[in-house]
Every structure is written in C-alpha cells, then in structure tokens.
Amino acid sequence: MSDKGQDVDLTRAKQNTGVWLVKVPKYLSQQWGKASGRGEVGKLKIAKSQGKTTVSFSLNEELTMVESSGETASSVRAPREHPFSMQSVGGQTLAVFTESSSDQITIEGMVVQRAECRPAVQETYVKLKKLQIEESTKPLRLSQRLEKAVTTSYKPVSNHSYNVEYEKKKKEEGKRARSDKEKVLEMLFSAFEKHQYYNIKNLVEITKQPVIYLKEILREIGVYNSRGPHKSTWELKPEYRHYQGEVEEEEDSNLE
C-alpha cells in the first residue's frame, strides 16, 4: 500500500460490508495463480449439520495438476477438498484494503470471520507432501561431467585474468632485485639526512629492495624503536647520525 497522504474510499465500510479473512496453504495459492483470466478456481460450500455450520472449498479439477521437475510429478495432484477451520475475530478490528493502478485506496470491508483452509488428509495430499519434501532437498546447483569442451564465451577458467595480473604483480614486488650493499647504504644515509625516523615500508619504497635484505643492512647501521613516541620506526645508530640540523648548529657555534 502506498505511503502517500491520500483519501480512502469508505463507501463499503459505511455499508457494513463484511468479509472473511482466510489462511490458505501455499500450494493452493500457487494453483489459483494458474487460472486463466477471471476463470473459476473452485467452489465454496456452506452447510449446516446438527445446528453446526460447516464450510469447505473444492478446487477445480483443471487446477489440480502440480508442476515439478521430478519424474513422478505427472502422477501427483493437489488435493481438491479443503475443509475450513472456523475461528473468531477475537475482539480485533480488522479491515481489507485494495489499491488501484491510480493509487486509489478503497476499503473492501470489515473482517467478520476468520478461518483456516486445510487440505483433507487423503492419498493425494500425502503424495504432494512427499513431492514437496523431495523438491526441498534437491541441491540448488548440480555438477555435471562434460563430454565436449565448452566453446561459448562463458567457458570456465581456472583463474580469471585480473587475478593472474594481481598475482604477477605481487610476485614481482616480492622478487625485487638486490642492489649492491654500498649503493643501498648510500640511499639510506641520504634518506636519514632528511629525516631521523622511517618505518620499514617507506624505506622499501625509497630503496626498492626486498624487506629481508633491507633489514639485514639496517641492523648494521640502525636501531629499531619498539616503544616510545617513535614506535615501529628505524633510526641511525649514534655513530652514523649526521643530520642537516646538527651541521647548521655546529657551523653557528664555530662562528661564535
């Protein structure tokens, strides 16, 4: 139902139109959906026996055929007879609404009787339930052996192209060529002249060297900070430190 603010046609409510609210099995509503146009789906029987009202619904013979992919589907039919289990409204105020294609909401009537439409327990119903159980246990996907190679554009592949490119790039990054140690040291000293602290990721980007090889060299000239404000960073050992700031300070002191 639309949530737009609009008027509701209460004509039938004013006429005190009463309607029944009936719960039906799922398979029955599916069979009703197969009816062509506004064709008849069955007959409702209301009778009185010993002062008690009995209600039942009889499904049309044409709508009893159940569609299924199983081999035994042709011999399975939906039950025709469905007795009603009558229930009271229970002090509730219930109404039935309809909405037209033009978003016009109309109240069809007030619920005066509730009921549950149940199938009569017969051989046809037992077969139907068995078929429903078999259908529910079937896997949604099945593997099938192919006798011929698939020639369509949807041919399955062991690995997609974008995965292959990603793995190739990952391997290339993991197999960085080791440069000469002296050249790596030169790049490291040049970097530490600009900043005192570096994490290993930045040093890998600067030197383009494998992580393991780079750490071997760093252990010779550097110190790894495992705690403190510069945690998880590297800095040069005191004997190798030579920062631009320190050079300027020394020059200033010499001038004095």
Side-chain angles (χ1 to χ4, degrees), residues 1-4 6 8-13 15-49 52-144 154:
M1 184 179 293
S2 175
D3 58 356
K4 299 177 183 178
Q6 56 194 47
V8 179
D9 185 358
L10 301 176
T11 303
R12 298 191 182 184
Q15 295 175 354
N16 295 323
T17 304
V19 296
W20 285 20
L21 180 63
V22 182
K23 180 180 179 181
V24 300
K26 183 178 180 180
Y27 73 85
L28 188 57
S29 63
Q30 291 173 341
Q31 297 304 106
W32 287 350
K34 299 175 184 178
S36 58
R38 293 182 175 273
E40 185 181 282
V41 296
K43 294 182 179 180
L44 188 67
K45 302 175 184 178
I46 302 177
K48 282 191 176 182
S49 177
K52 184 178 180 182
T53 302
T54 59
V55 183
S56 64
F57 171 76
S58 181
L59 181 67
N60 272 1
E61 182 70 27
E62 297 81 12
L63 298 177
T64 58
M65 183 64 69
V66 177
E67 294 180 0
S68 174
S69 58
E71 297 179 357
T72 59
S74 59
S75 62
V76 177
R77 291 181 176 272
R80 290 198 64 192
E81 301 302 323
H82 297 76
F84 277 30
S85 173
M86 309 302 290
Q87 303 169 7
S88 65
V89 178
Q92 293 178 300
T93 302
L94 304 173
V96 176
F97 295 85
T98 58
E99 184 175 11
S100 66
S101 57
S102 59
D103 293 337
Q104 175 63 45
I105 299 175
T106 304
I107 184 169
E108 296 296 333
M110 306 301 294
V111 177
V112 296
Q113 180 68 59
R114 297 180 65 178
E116 185 174 353
C117 180
R118 297 175 178 176
V121 182
Q122 299 173 345
E123 185 180 358
T124 53
Y125 179 66
V126 174
K127 287 183 178 180
L128 177 63
K129 291 302 295 182
K130 183 179 179 181
L131 178 63
Q132 290 177 336
I133 294 172
E134 290 176 354
E135 290 289 329
S136 65
T137 56
K138 286 183 179 179
L140 299 177
R141 296 181 181 181
L142 296 174
S143 58
Q144 183 177 358
Y154 300 103

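Reckoned from all heavy atoms, side chains included, excluding hydrogens, waters and symmetry mates.
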Check whether any side-chain heavy atom of [X] sits under 4.5 Å from a side-chain heavy atom of [Y], and report yes or no.
| X | Y | result |
| --- | --- | --- |
| Met86 | Thr53 | no |
| Asn60 | Val41 | no |
| Val112 | Trp20 | yes |
| Met110 | Thr93 | yes |

Q) So, Gln31 side chain and Met65 main chain: donor-acceptor pair closer than 3.5 Å or not? A)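 At least one qualifying donor-acceptor pair exists.
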
Apply side-chain hydrogen bond (donor to acceptor under 3.5 Å, both in side chains) to [X] and list each qualifying residue two or more places apart in sequence or on a separate chain.
| X | answer |
| --- | --- |
| Thr64 | Arg77 |
| Lys129 | Gln132 |
| Ser100 | Ser102 |
| Lys23 | none |

Listed by chain and number, what are the side chain to side chain contact (heavy atoms under 4.5 Å, CB included) partners of [X], not counting sequence neighbours?
| X | result |
| --- | --- |
| Val111 | Val19, Leu21, Val89, Leu94, Val96, Arg114 |
| Ser88 | none |
| Ser58 | Lys45, Arg80, Glu81 |
| Ser101 | none |

Would you mind writing out the side-chain donor-acceptor pairs for residues 115-125 within the sub-3.5 Å range, not counting sequence neighbours?
{"residue": "Glu116", "atom": "OE1", "partner": "Arg118", "partner atom": "NH2", "Å": "3.3"}

Q: Look up atom OG in Ser56 and atom CG in Leu44, then write down how far apart they are to the nearest 0.5 Å.
A: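 Here the rounded value is 7.0 Å.
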
**Q.** Heavy-atom closest contact (Val24 atom, Ser29 atom, distance)
**A.**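 Heavy-atom minimum between the residues: CG2-CB, 4.4 Å.
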
Q: Taking all non-hydrogen atoms of both residues into account, name the closest pair between Leu59 and Ala78 and its distance.
A: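 For Leu59 and Ala78, the tightest heavy-atom pair comes out as CD2-CB, 4.3 Å.
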
Q: For Trp32, enumerate each residue passing the ring-ring contact (aromatic ring centres under 6.0 Å, His included) test, keeping only those at least two apart in sequence or located in another chain.
A: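 Trp32 satisfies ring-ring contact (aromatic ring centres under 6.0 Å, His included) with Phe57 once adjacent residues are dropped.
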
